[in-house]
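What you see is a predicted model; the values in this text were computed from it and never measured. Lettering of chains follows the sequences in order, A, B, ..., and the numbering in each one begins at 1.
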Number of protein chains: 2
Amino acid sequence: MAGGARSASVVDVAAEAGVSLGTVSNVLNRPERVSDATRLRVEKAMARLGFVRNESARQLRAGQSRLLAYVMLDVANPFFTDVAQGIDSAAAEHELALFLCNSANDAGREAAYLTHLSQQRVQGILVTPVDPHSPLLEEIVKHTPVVIVDRTRDDKRFCSAAADDVAGGRLAVEHLIDRGHTRIAYIGGPPSLGQVRERHEGALLACRESGLAEDALLHIGTDGLGFADGREAGERLIGIPAKRRPTAAFCANDLVALGLLQQMSLSGRTVPDDLAIVGFDDIDFAGAAAVPLTSVRQPRRELGRRAAELLLDEASNPDHEHRQVIFTPELVARRSTLN
Amino acid sequence: MAGGARSASVVDVAAEAGVSLGTVSNVLNRPERVSDATRLRVEKAMARLGFVRNESARQLRAGQSRLLAYVMLDVANPFFTDVAQGIDSAAAEHELALFLCNSANDAGREAAYLTHLSQQRVQGILVTPVDPHSPLLEEIVKHTPVVIVDRTRDDKRFCSAAADDVAGGRLAVEHLIDRGHTRIAYIGGPPSLGQVRERHEGALLACRESGLAEDALLHIGTDGLGFADGREAGERLIGIPAKRRPTAAFCANDLVALGLLQQMSLSGRTVPDDLAIVGFDDIDFAGAAAVPLTSVRQPRRELGRRAAELLLDEASNPDHEHRQVIFTPELVARRSTLN
DNA sequence: GCGTGTCAGTGAAACCTTTCAATAAGGCGG
DNA sequence: CCGCCTTATTGAAAGGTTTCACTGACACGC
């Protein structure tokens with residue numbers, strides 16, 4: 001707990017040790033230039049006074065920090081924490097610290113974090129934005145390197161690393177159609193999320209190419225992409241009369257898929273016999289689920305790592321050019337679609 | 001990307017707008033004291049120059065920030081992200097931003113984060129430490145409020161919020177003994193983690209109280225508490241001759257339990273018939289697992305929220321007294337132990 | 001017409017660190 | 001004994017913001 005007194009500064013330490021403040025700074029930053037005797041004296045003074053370097057003052061002088069930040073859409077989604085680990089490993093190699101910020105899918109929170117980070121002069125910001133076209137991002141990228149993760153923009157004003165969501169959605173639904181399904185549900189929301197829209201688009205594409213009827217794909221909207229949303233969607237699905245009810249579901253992510261799966265079990269249905277399920281992301285838990293989950297795999301750690309590398313290039317290379325790295329997703333078939 | 005020019009400061013804005021720097025500061029901090037005309041002029045100058053407030057300079061002046069940080073042991077473990085959400089909700093109510101830092105169970109990384117945060121004069125630090133008795137923590141708490149999460153210390157120099165791990169371990173193993181098991185594995189590691197040790201202790205207690213033989217509890221050590229560690233432990237378990245092989249396993253957390261569960265399926269065993277499994281934490285995925293997992297539930301969000309409240313009290317209340325909040329865990333029985 | 005009060009705007013000081021040119025002290029060769 | 005070199009130390013300046021006591025200007029009431 002902070003005592004009453006103002007915390008000690010280099011000046012206080014200098015006084016205590018009977019040296020000039022320049023010497024104290026030298027002890028801190030270039031100890032080899034200070035004689036052993038004085039260094040010791042200064043160090044003791046620091047200990048006595050409980051001196052703690054003031055990072056704000058340092059940064060003010062230095063102009064910037066050795067800090068990266070990742071503003072993520074949902075900490076509770078293992079997909080994003082895996083991406084964060086990829087970023088982290090790249091950051092650690094460059095001796096940069098990484099701060100994680102959870103926007104929780106809220107544009108206001110995201111904006112607050114982005115503003116704070118840019119004012120803090122971090123080296124760079126990675127972000128999975130609620131809306132990649134937000135004007136705030138354009139504003140910030142003028143002075144702070146920003147890389148968009150798990151999204152892209154049509155213009156080329158940002159670097160980004162993402163998987164091809166349309167291709168992923170297509171893979172998922174092609175797989176279901178291959179397995180003979182002709183009434184398929186697409187489960188996800190909110191539609192404001194690009195991920196939700198594009199995976200849907202891919203799903204539609206697959207239907208069209210296979211010559212399925214327009215209404216073969218039933219869109220069941222959800223409020224979010226969490227566990228609970230999947231369960232709720234399950235209830236609604238069960239409510240549909242059997243002859244019109246889809247025999248397969250493609251979920252916008254694995255959390256929703258796992259929630260759906262759980263709801264199916266709870267209400268005594270069997271997966272994949274009563275309902276085949278495909279998820280998206282292939283998080284670790286997908287393979288460990290009640291019925292191991294077929295899912296569209298994204299290279300999560302790699303995605304984070306590449307994004308961080310783009311950021312570091314943007315931060316340090318004067319000839320930097322914006323690049324969009326697109327990863328191709330891949331279907332991992334498991335029991336939830338194989339009967 | 002930063003242009004060649006030094007970024008604009010209040011002085012530059014003042015010059016551009018033809019006012020004094022004090023007025024610019026007033027526009028920023030007390031706009032009501034500035035006439036509409038000048039305010040507009042200043043705001044336009046800011047826009048023209050792309051002025052971005054320098055947070056370091058602000059903090060230097062102010063002495064501290066509206067920032068909290070949580071240094072977590074493992075971002076990839078949903079238990080900790082749930083705790084983080086609890087912290088977040090309390091922080092948001094007080095209009096504080098929360099930064100998440102992942103120590104990844106590495107004392108060096110943890111130390112680097114803690115040092116940086118204290119030097120940054122954050123309002124407070126929450127931490128699930130690798131070692132709650134680290135001297136660095138004692139050092140830091142002298143000037144920055146620190147609350148220990150998911151651990152406690154014997155002395156009362158810190159606030160902390162945690163669940164009773166010994167009680168939890170005991171619950172888990174009592175349950176297994178009730179179900180008739182007499183050869184039980186305890187799976188977890190590394191022993192440097194207090195969580196691992198105390199849950200083990202609780203397990204031993206349960207055995208002793210039920211009059212089981214000394215060697216009824218077989219400790220299978222793991223390198224960490226992840227998915228992969230659980231799978232690996234599964235392989236080792238299977239390698240044990242059938243007559244000596246445990247018929248039940250208590251895992252130090254759910255990730256390990258889920259890994260173990262998966263390994264059992266992969267090698268054609270049935271849970272709970274071949275092996276009953278109890279996990280710890282009751283993360284959301286536990287209920288959705290291949291075989292829904294019996295687990296020891298901790299109130300994860302509540303734990304985070306209480307910890308944050310303790311921190312905020314410590315940061316703002318001069319009469320603050322350190323408190324140790326202990327939550328009592330509760331067993332949630334599911335199919336992985338019920339046959 | 002004068003004192004008083006209000007309002008808008010001013011500018012110096014403080015926050016703490018780092019850097020760098022300058023100084024002091026000491027040793028050495030000539 | 002002097003000048004020169006090295007090494008240790010110094011102190012002022014800079015970095016950007018906020019605060020606060022202060023100045024002008026203006027309106028109002030008497």
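- For dA8(C), the OP1/OP2 oxygens have no side-chain nitrogen or oxygen of Arg30(B) closer than 4.0 Å.
- Applying the 4.0 Å criterion to OP1 and OP2 of dT18(D), one finds that Arg53(B) has a side-chain N or O inside that range.
- There is no side-chain donor-acceptor pair under 3.5 Å between Arg58(B) and Ser56(A).
- In this structure, the CG atom of Asn26(B) is 14 Å from the C1' atom of dC22(D), given to the nearest Å.
- A distance of 7.5 Å separates CD in Gln123(B) from CG in Leu312(B), rounded to the nearest 0.5 Å.
- Atom CZ of Arg33(A) is separated from atom C1' of dA22(C) by 14 Å (rounded to the nearest Å).
- Atom pair Gln119(B):CD and dT17(C):P shows a separation of 10 Å (rounding to whole Å applied).
- The nearest whole Å value for the distance from the CD atom in Glu32(B) to the P atom in dC7(C) is 12 Å.
- Side-chain proximity of Leu28(B) to the nucleotides dT18(D), dG11(C), dT17(C) is greatest for dT18(D).
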Give the intermediate values and the outcome of salt bridge (charged side-chain N to carboxylate O under 4.0 Å, His left out) for residues Glu138(A) and Lys142(A).
CA-CA 7 Å; Glu138(A) 297 175 28; Lys142(A) 285 179 192 159; over 6 Å; no
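- Residue contacts shown for Ser9(A) are limited to sugar-phosphate atoms, with no base heavy atom under 4.0 Å away.
- The phosphate of dT10(C) (OP1 or OP2) has a side-chain N or O of Thr23(B) nearer than 4.0 angstrom.
- The residue Ser35(B) sits close only to the backbone: its heavy atoms come under 4.0 Å of sugar-phosphate atoms, none of a base.
- Contact annotation: Thr38(B) reaches the phosphate of dG9(C) (side-chain N/O to OP1 or OP2, under 4.0 Å).
- Side-chain contact, Gln119(B) with Asn54(A): no donor N or O sits under 3.5 Å from an acceptor N or O.
- For Leu21(A) and dT19(C), the CG to P distance is 12 Å, given to the nearest whole Å.
- Val34(A) comes within 4.0 angstrom of sugar-phosphate atoms only, judged by non-hydrogen atoms across all strands, and of no base.
- Using modelled atom types, one finds no donor on one side chain facing an acceptor on the other under 3.5 Å when comparing Arg151(B) with Thr128(B).
- Put simply, CG on Leu60(A) is 17 Å from P on dA13(D), counting in whole angstrom units.
- In this structure, the CG atom of Asp36(A) is 13 Å from the C1' atom of dT7(D), given to the nearest Å.
- Using a 4.0 Å heavy-atom criterion, one finds that Arg61(B) contacts the bases of the nucleic acid, with or without backbone contacts as well.
- At the heavy-atom level, Val24(B) lies nowhere under 4.0 Å from the strands shown.
- Between dT17(D) and Asn54(B), no contact under 4.0 Å exists linking OP1 or OP2 to a side-chain N or O.
- Rounded to an integer number of Å, the gap from CZ of Arg121(A) to P of dT17(D) is 7 Å.
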